[in-house]
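Ligands are counted one by one from 1 in listed order, and the atoms in each one are counted from 1 as well.
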Amino acid sequence: MQLRRRNFLAASFVGLAILSIGCHVVDTPTPGADARVPDENGYKLWLRYAPPGKSVDQYLRLIRLVIVQGDSATSRIIGKELSSALNMMFGSPVPVSRTWKPKPAVIIGTPATSKVIRGLKWENDLIATGLDGFIIRSTRMEGQSVIVIASAGEIGALYGTFHFLRLLQTGQSIQELSIVERPKVQLRLLNHWDNLDGSIERGYAGRSLWQWNELPGKLDPRYTDYARVNASVGINGAVINNVNADVRILTGEYLEKVAALANLWRPYGIRVYLSANFAAPVRLGGLPNADPLDPAVVDWWKAKAEEIYRLIPDFGGFLVKANSEGQPGPKDYGRTHAEGANMLADALAPHGGIVIWRAFVYDEDVDPDRVKRAYIEFTRLDGQFRPNAVVQVKNGPIDFQPREPFHSLFGGMKQTPVLAELQATQEYLGQAKHLVYHGTMWKEFLDSDTFARGSGSTVGKVLEGAVHPYRITGMVSVVNPGLDTNWCGHHFSQANWYAFGRLAWNHRLSAEQIAEEWARMTFTNDDPTVDTIRDMMMSSWETYVSYTMPLGLHHLIGFDHYAPMPENDTAPREDWTAVFYHRADADGIGFDRTKRGNKAVEQYFPPVCDLFDNLASCPEKFLLWFHRCSWDYRMKSGKMLWQELCDKYYSGAEQASAMQGTWQSLAGRIDSRRHKEVADRLAIQAADSAKWRDHILQYFQLFSGMPVTPP
Ligand code: GCV
């Protein structure tokens with residue numbers, strides 16, 4: 001079997017080389033394209049503020065004046081954003097005033113900053129929506145119709161402003177508004193895997209946004225635009241350095257640079273967090289060890305926390321990747337993850353900071369299967385963490401695979417709050433070359449029922465703290481914006497950043513609504529065009545899964561995490577290979593994680609455990625994740641597993657290819673520059689999806705011994 005794999009590897013080398021050469025992207029505009037739609041470069045993301053089309057007359061009637069009272073940095077930002085947005089959308093300025101004048105107006109503020117809003121006596125309603133929530137209501141004042149955007153907090157007023165602008169950008173009616181919004185979780189954070197040398201781990205859109213050589217003196221205008229787009233979807237914090245953390249970020253020199261970013265982002269409601277290297281007391285402080293129970297280590301972190309809070313009074317806290325993939329951690333000293341986290345939590349607690357401890361750990365000593373390890377390690381520590389410590393868990397138990405069942409720690413941690421870690425960066429999902437909208441994938445995850453406290457205990461509710469009473473709630477996404485003009489490499493990758501923000505705000509929103517909002521704001525309000533873009537986005541994830549890893553297959557890749565490499569059997573660790581996971585041989589394929597196999601299903605609550613365990617009830621999308629099946633196993637469709645696999649790969653590649661034609665039908669409806677840039681990437685995607693299909697099927701055919709037959 002080994003030999004068959006090796007021969008296959010040699011034969012496929014040429015194919016892989018061609019795959020990477022094919023990834024070159026040409027950035028020149030299409031000659032002769034429709035000149036009526038001016039070219040855009042994608043820099044403005046979803047805050048383009050293009051004229052909203054047919055609704056503009058209604059808007060002009062109802063918005064003659066903008067009133068923003070108060071003199072804080074945030075109220076100035078609100079005034080500026082509204083003024084420039086309305087100007088761009090309406091083609092003429094709308095005055096912004098600090099004083100009420102009887103005119104159709106939009107009034108924004110808090111009872112503390114705005115006399116007009118105080119006069120409305122909405123305090124009780126505003127207390128209910130909290131400091132980040134807001135109310136948008138149409139009402140009348142001195143005979144004039146006005147729209148009030150009110151919040152108990154200034155950041156809530158900013159969020160309300162962006163919500164209102166979204167209504168205009170997407171062409172919705174603003175008559176008789178009665179909107180009450182409150183985020184479902186407290187922490188809505190981005191995780192950047194940016195290194196201090198300007199590179200980005202798993203970044204596909206250029207170098208890091210953070211210009212460490214220029215900070216703190218020079219503030220790149222991108223930092224402000226970054227804050228604006230994040231605030232526009234309610235993101236309220238960013239961990240700005242890689243979890244594989246360089247200790248230098250904790251030096252005085254770097255902390256001053258970090259403080260400059262924190263100062264700039266504060267009025268946008270964005271708090272800065274840092275990834276901390278657990279060995280910092282040794283590597284930076286010169287201590288002999290970093291044992292969390294050593295008083296000298298405890299003092300070192302206390303002093304470090306004091307130093308940070310002197311510079312950044314609202315510093316969010318530390319994110320820690322410990323004892324994972326070579327990172328140092330408490331287990332180096334025979335201590336538990338909880339002991340490590342608690343030591344840092346104690347250092348941060350007097351200042352109001354938190355520790356976010358990652359559950360992305362997979363020690364071989366814990367269990368032979370990587371899927372089971374984090375659950376085993378963390379459930380035995382449940383309840384041992386300090387009140388200001390949370391555990392951050394990736395959506396699935398391996399590592400952002402195209403499709404994974406939800407991680408059993410969601411619902412499994414009853415006393416220790418968990419945050420969900422998602423990945424907008426398309427590390428395993430075509431990177432910046434494939435169009436893959438993550439809204440649908442994340443909804444499948446968020447809507448999964450854990451049954452932790454009976455039916456309806458969805459992951460989304462767990463995250464809200466509605467299943468177990470968590471003190472801290474939140475969602476996090478790894479993101480990769482870089483210095484590429486369009487921030488994300490692929491114009492459609494921007495949608496994943498947007499979708500994360502919207503779902504972190506409200507996980508009950510539909511993937512479809514989010515896709516449509518994004519398409520309207522990013523491309524056009526033309527209904528048929530929006531329908532086409534939204535539909536492309538909605539099917540794109542399932543398409544990607546079909547031509548890469550359908551039916552529960554996972555990790556069929558090599559080190560680049562991009563190209564197919566099912567023959568990968570020689571990585572530094574067994575659980576970094578592909579063969580460890582698919583286990584294909586002449587008898588069949590798949591990983592037996594049932595009660596008769598390695599019992600991974602038992603980490604789920606009943607009836608989920610039984611649903612996955614039972615071959616008849618296991619959703620086929622997870623079949624080979626939980627079950628080992630013979631090649632002639634009968635699928636629900638009546639087809640043999642081998643044929644079903646062939647069908648998936650063929651239909652996936654066909655759908656990927658069909659996206660090109662669909663996109664081509666939008667030529668002239670979208671500016672030619674962005675149209676061409678997307679078209680170029682769709683061509684790569686179509687070619688690479690066919691390579692995935694052929695490579696995987698040819699490889700598995702070595703074991704199935706059956707012909708590759710298109711559907
Ligand atoms: C930041 C995967 C990625 C690594 C990443 C790691 C993590 O293994 O490939 O690049 O490291 O996850 O999430 O810590």
Side-chain angles (χ1 to χ4, degrees), residues 189-205 208 210 238-247 249 273-279 318-329 331 337 340-341 355-364 369-371 373-375 377-378 390-404 407 409 418-432 438 445 475-482 489 496 500 548-549 554-563 565 568 571-578 580-581:
L189 310 181
L190 299 185
N191 282 187
H192 294 263
W193 288 351
D194 290 24
N195 299 313
L196 301 189
D197 65 2
S199 61
I200 304 180
E201 181 157 348
R202 311 295 177 187
Y204 313 104
S208 172
W210 326 133
V239 185
I240 59 174
N241 63 317
N242 192 352
V243 286
N244 294 326
D246 187 325
V247 280
I249 197 76
Y273 297 68
L274 291 176
S275 294
N277 185 307
F278 201 78
F318 292 135
L319 171 66
V320 187
K321 173 176 177 177
N323 294 119
S324 167
E325 301 185 333
Q327 293 300 310
K331 291 179 79 178
H337 283 287
V355 167
I356 307 175
W357 197 266
R358 290 178 92 224
F360 182 66
V361 296
Y362 50 104
D363 257 7
E364 278 150 311
D369 184 8
R370 177 169 170 183
V371 159
R373 295 173 189 153
Y375 179 92
E377 283 224 58
F378 278 85
V390 287
V391 173
Q392 180 168 303
V393 184
K394 288 190 183 181
N395 56 293
I398 291 190
D399 186 14
F400 301 135
Q401 295 303 291
R403 174 176 256 142
E404 299 193 35
H407 202 303
L409 280 171
V418 288
L419 309 184
E421 179 178 319
L422 309 176
Q423 194 187 44
T425 306
Q426 295 172 224
E427 177 181 351
Y428 295 93
L429 287 114
Q431 300 174 2
H438 288 14
F445 161 67
M475 274 167 67
V476 170
S477 178
V478 178
V479 287
N480 72 337
N496 295 331
F500 166 71
T548 58
M549 304 181 214
H554 46 289
H555 217 277
L556 301 182
I557 32 76
F559 192 69
D560 68 355
H561 295 182
Y562 178 78
M565 201 176 172
N568 170 14
R573 299 173 51 137
E574 197 190 17
D575 53 15
W576 287 354
T577 67
F580 175 76
Y581 297 100

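Residue-to-ligand polar distances place K321 within reach of ligand 1: an N/O pair is separated by less than 3.5 Å. The N/O atoms of R358, backbone and side chain alike, include one that comes under 3.5 Å of an N/O atom in ligand 1.
The distance from ligand 1 to the heavy atoms of V243 drops below 4.0 Å at these ligand atoms: 1 (C), 14 (O). For ligand 1 and H561, the ligand atoms under 4.0 Å from any heavy atom of the residue are 9 (O). Close approach to N242 involves these atoms of ligand 1, each under 4.0 Å from a residue heavy atom: 1 (C).
Of the listed residues (R202, E427, K394), the one carrying the non-hydrogen atom nearest atom 12 (O) of ligand 1 is K394.
Using a 3.5 Å distance cut-off with no hydrogens or angles, the side chains of E325 and Y362 do pair a donor with an acceptor. A donor atom on one side chain and an acceptor atom on the other are not found under 3.5 Å apart for Y204 and N480.
Judged by the 6.0 Å and 45° rule, R573 forms no cation-pi pair with F559.
Note: H192 and W210 have perpendicular aromatic rings, judged against thresholds of 30 and 60 degrees for the angle between ring planes. Between H337 and W357, the two ring planes are perpendicular [angle over 60°; tilted spans 30° to 60°].
Rounding to the nearest 0.5 angstrom, the gap separating the OG1 atom in T577 from the CG atom in L556 is 10.5 Å.
Among protein heavy atoms, the minimum distance from atom 4 (C) of ligand 1 is reached at E201 OE2, 3.3 Å. Looking only at protein heavy atoms, the nearest one to atom 2 (C) of ligand 1 is D399 OD2, 2.8 Å. Looking only at heavy atoms of the protein, atom 6 (C) of ligand 1 is closest to E325 OE1, 3.3 Å.
For D363 and R373, the salt-bridge test fails: no basic side-chain N is under 4.0 Å from an acidic carboxylate O.
At a heavy-atom cutoff of 4.0 Å, ligand 1 is contacted by the side chain of N244 but not by its backbone.
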